[in-house]
S.K.: 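Mind having a look at this structure? Questions to follow.
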Amino acid sequence: MIKVNVDLQRCDANGTCAALMPDVFQIEKDGTLVQLASDVEDDRERELEEVILCCPMGAISRS
């Protein structure tokens, strides 16, 4: 499993992560980001890397 981290202080909730991984990230009606899962399967590493690279605020990381 890969641990997913979101720095909510940096997040501007633009929705890129939610569009790419909707089972992990969701934008609420009030415009805030909700992290639905804190871990993803190892076989989703490339998918997570794309989300990390596409986050304009650099708010998503892995550990």
S.K.: How many angstroms lie between CD in Glu47 and CZ in Arg44, if you round to the nearest 0.5 Å?
M.R.: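 Going from the CD atom of Glu47 to the CZ atom of Arg44 covers 4.0 Å.
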S.K.: Salt bridge or not between Arg62 and Asp39? Use side-chain N to carboxylate O under 4.0 Å.
M.R.: no
S.K.: Under 3.5 Å, side-chain donor or acceptor atoms of residues 11-22 against the rest of the protein: list the pairs with distances, not counting sequence neighbours.
M.R.:
residue, atom, partner, partner atom, Å
Asp12, OD1, Asn14, N, 3.3
Asp12, OD1, Asn14, ND2, 3.2
Asn14, OD1, Thr16, N, 2.8
Asn14, OD1, Thr16, OG1, 2.7

S.K.: In terms of hydrophobic clustering (I, L, V, M, F, W, Y; side-chain heavy atoms under 4.5 Å; direct or indirect links), are Ile27 and Leu8 co-clustered?
M.R.: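 Result: yes, single cluster for both.
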S.K.: Do Ser61 and Asp7 get their side chains close enough for a donor-acceptor pair, meaning under 3.5 Å?
M.R.: no
S.K.: Inspect the surroundings of CD in Gln9 and state if more than 12 heavy atoms from other residues, nucleotides or ligands are less than 6.0 Å away.
M.R.: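 Not buried by this count: 12 neighbours or fewer within 6.0 Å.
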S.K.: Rounded to the nearest 0.5 Å, how far apart are CD1 of Ile2 and CD of Glu49?
M.R.: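 Answer rounded to 0.5 Å: 7.5 Å.
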S.K.: On a heavy-atom basis, which atom in Ile52 and which in Ile60 lie closest, and how many Å separate them?
M.R.: CG2-O, 3.6 Å
S.K.: Considering only heavy atoms from C-beta outward, does the side chain of Met1 approach that of Val40 to under 4.5 Å?
M.R.: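 A side-chain contact under 4.5 Å is absent here.
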S.K.: In Å, rounded to the nearest 0.5 Å, how long is the span from CG of Leu33 to CZ of Phe25?
M.R.: 7.0 Å
S.K.: Can you check whether Asp43's main-chain N or O pairs, donor with acceptor, with Glu41's side chain at less than 3.5 Å?
M.R.: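 No; zero donor-acceptor contacts below 3.5 Å.
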